[in-house]
Each structure stands twice: as C-alpha cells, then as structure tokens.
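Remarks on the structure that follows.
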Amino acid sequence: QVQLAESGGGSVQAGGSLRLSCTASGYTYKRYCMAWFRQAPGKEREGVAARYTDGESVYYADSVKGRFTISHDNAKNTLYLQMNSLKPEDTALYYCAAELGDCYSGSWSLRTWYRDWGQGAQVTVSS
C-alpha cells in the first residue's frame with residue numbers, strides 16, 4: 001500500500017498561485033496513475049488532474065485546464081500541482097491519490113478508481 005502525504009496548501013488572493021506537493025512512500029513499483037482531487041464543503045469530491053508516472057498520459061478537468069499543471073518527480077517520489085490564476089471557486093480540500101497502472105480517460109476522474117489516498121491539504125482563495 002502506498003502512503004501519500006500532501007503539503008503546500010494555504011490561503012491566497014484570487015489571481016495568485018500555489019503549489020501542492022504529494023510525497024509517496026511504501027511502494028516498490030514506479031508505475032502508478034497519480035491524481036489530484038478536491039472537495040469543497042457540501043460538494044462531491046472531483047478529479048482535478050492525473051498523470052501516469054511512467055509515461056505521457058495526462059488529464060485535466062475542464063475547470064482547471066490552462067491554469068493548473070500536474071507533474072511528477074520520480075527521483076523524489078513526489079507529485080506536484082502548480083495552481084496559477086486561482087479563483088475563489090478553487091477553494092477546497094485537495095487530495096492526492098494513487099492507483100497501480102496507467103491513467104485512462106474513462107476512469108482517471110473516478111474517486112472509486114484509486115486505492116490509496118492522502119489526508120488532504122486545504123486551499124483557500126479569497127476574492
């Protein structure tokens with residue numbers, strides 16, 4: 001089982017930037033679909049972005065395309081989410097998730113697809 005730990009959350013004004021990090025440990029294989037999800041109060045947890053750690057598969061939610069960038073540093077076992085041009089509607093608890101194997105267009109944004117989850121990092125964007 002993979003242990004995931006998020007960091008880098010915080011508060012920022014609209015238009016600002018934040019970078020989230022997710023450090024993974026406790027696994028042998030390097031081929032995972034790793035993703036960022038978010039959950040705002042009273043709303044369902046939604047997929048934000050995902051990428052395959054051993055290939056080119058990258059996916060984004062329409063709401064963050066062009067503003068957020070997901071990346072992965074295999075040497076550091078760390079997943080990143082660079083968030084630019086933040087909006088108040090981006091306010092949420094952001095979770096890191098991992099599942100063995102590649103990411104797929106039909107499943108990357110499904111909460112049930114992922115086995116391992118972090119505890120979450122709060123991102124608050126004020127107007």
Side-chain angles (χ1 to χ4, degrees):
Q1 189 170 359
V2 180
Q3 287 80 49
L4 303 171
E6 301 96 337
S7 61
S11 297
V12 66
Q13 289 191 327
S17 298
L18 284 173
R19 188 177 79 158
L20 299 178
S21 300
C22 171
T23 302
S25 60
Y27 63 94
T28 300
Y29 301 103
K30 296 293 186 179
R31 299 172 179 153
Y32 279 82
C33 177
M34 297 194 72
W36 289 100
F37 281 71
R38 66 186 181 186
Q39 188 166 17
K43 294 189 176 181
E44 294 290 319
R45 192 173 299 188
E46 63 174 355
V48 174
R51 76 169 297 132
Y52 181 43
T53 59
D54 197 42
E56 300 300 318
S57 300
V58 180
Y59 299 96
Y60 292 96
D62 288 344
S63 58
V64 306
K65 280 181 182 177
R67 300 189 298 122
F68 291 11
T69 302
I70 187 171
S71 60
H72 185 262
D73 186 330
N74 281 341
K76 296 181 178 180
N77 293 334
T78 301
L79 181 74
Y80 301 100
L81 184 69
Q82 178 66 44
M83 304 182 291
N84 298 329
S85 302
L86 282 161
K87 304 175 182 179
E89 51 263 44
D90 294 317
T91 295
L93 191 59
Y94 283 70
Y95 296 91
C96 176
E99 177 57 43
L100 189 63
D102 203 348
C103 302
Y104 301 99
S105 59
S107 59
W108 77 267
S109 61
L110 299 178
R111 180 179 180 175
T112 54
W113 177 255
Y114 298 88
R115 183 186 71 173
D116 302 302
W117 292 84
Q119 295 300 307
Q122 179 66 40
V123 171
T124 302
V125 184
S126 58
S127 57

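We count residues from 1, following the sequence as given. Just so it is clear, the values below take in all heavy atoms, side chains as well, and ignore hydrogens, waters and symmetry mates.
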Under 4.5 Å between side-chain heavy atoms, counting indirect links through other Ile/Leu/Val/Met/Phe/Trp/Tyr residues: same cluster for [X] and [Y] or not?
| X | Y | result |
| --- | --- | --- |
| Leu79 | Leu100 | yes |
| Trp36 | Leu18 | yes |
| Tyr52 | Trp113 | no |
| Val2 | Trp117 | no |
| Tyr59 | Tyr94 | no |

- [ ] Sorted by first residue and then second, give each disulfide (SG to SG under 2.5 Å) pair with at least one member in residues 52-97; sequence neighbours left out.
- [x]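 Sorted result for residues 52-97: Cys22-Cys96.
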TODO: Hey, could you give me each pair passing disulfide (SG to SG under 2.5 Å) that has a residue in residues 41-89? Not counting sequence neighbours.
DONE: none
According to side chain to side chain donor-acceptor pair (under 3.5 Å), who are the partners of [X], at least two apart in sequence or on a separate chain?
| X | result |
| --- | --- |
| Gln122 | Thr124 |
| Thr69 | none |
| Lys65 | Asp62 |

Open item on the list: Looking at Ser71, is its backbone amide N or carbonyl O close enough to the side chain of Tyr80 to form a donor-acceptor pair, meaning the two atoms are under 3.5 Å apart?
Closed with: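 Answer holds: no.
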Taking all heavy atoms of [X] and all of [Y], pick out the closest pair and write down the distance.
| X | Y | answer |
| --- | --- | --- |
| Ala49 | Leu81 | CB-CD1, 4.4 Å |
| Leu20 | Ala121 | CD2-CB, 4.4 Å |
| Ile70 | Met34 | CD1-O, 3.9 Å |
| Tyr95 | Glu6 | CA-OE2, 3.4 Å |

To the nearest 0.5 Å, how far apart are [atom1] in [X] and [atom2] in [Y]?
| X | Y | atom1 | atom2 | answer |
| --- | --- | --- | --- | --- |
| Asn74 | Thr53 | CG | OG1 | 5.5 Å |
| Asn77 | Tyr32 | CG | OH | 10.5 Å |
| Ser127 | Lys87 | OG | NZ | 13.5 Å |

Qualifying residues under side chain to side chain contact (heavy atoms under 4.5 Å, CB included), relative to [X], sequence neighbours excluded:
| X | value |
| --- | --- |
| Ala50 | Cys33, Ala35, Cys103, Trp108, Tyr114 |
| Ala14 | Pro88, Val125 |
| Thr23 | Thr78 |

Task: Listed partners of Glu46 passing salt bridge (charged side-chain N to carboxylate O under 4.0 Å, His left out), at least two apart - done: Arg38
Which pairs pass salt bridge (Lys or Arg N to Asp or Glu O under 4.0 Å) with one or both residues in [range], sequence neighbours excluded?
| range | value |
| --- | --- |
| residues 99-111 | none |
| residues 66-77 | Arg67-Asp90 |
| residues 48-60 | Arg31-Asp54 |

Open item on the list: Does any part of the side chain of Phe68, heavy atoms only, come nearer than 4.5 Å to the side chain of Leu86, both counted from C-beta?
Closed with: yes
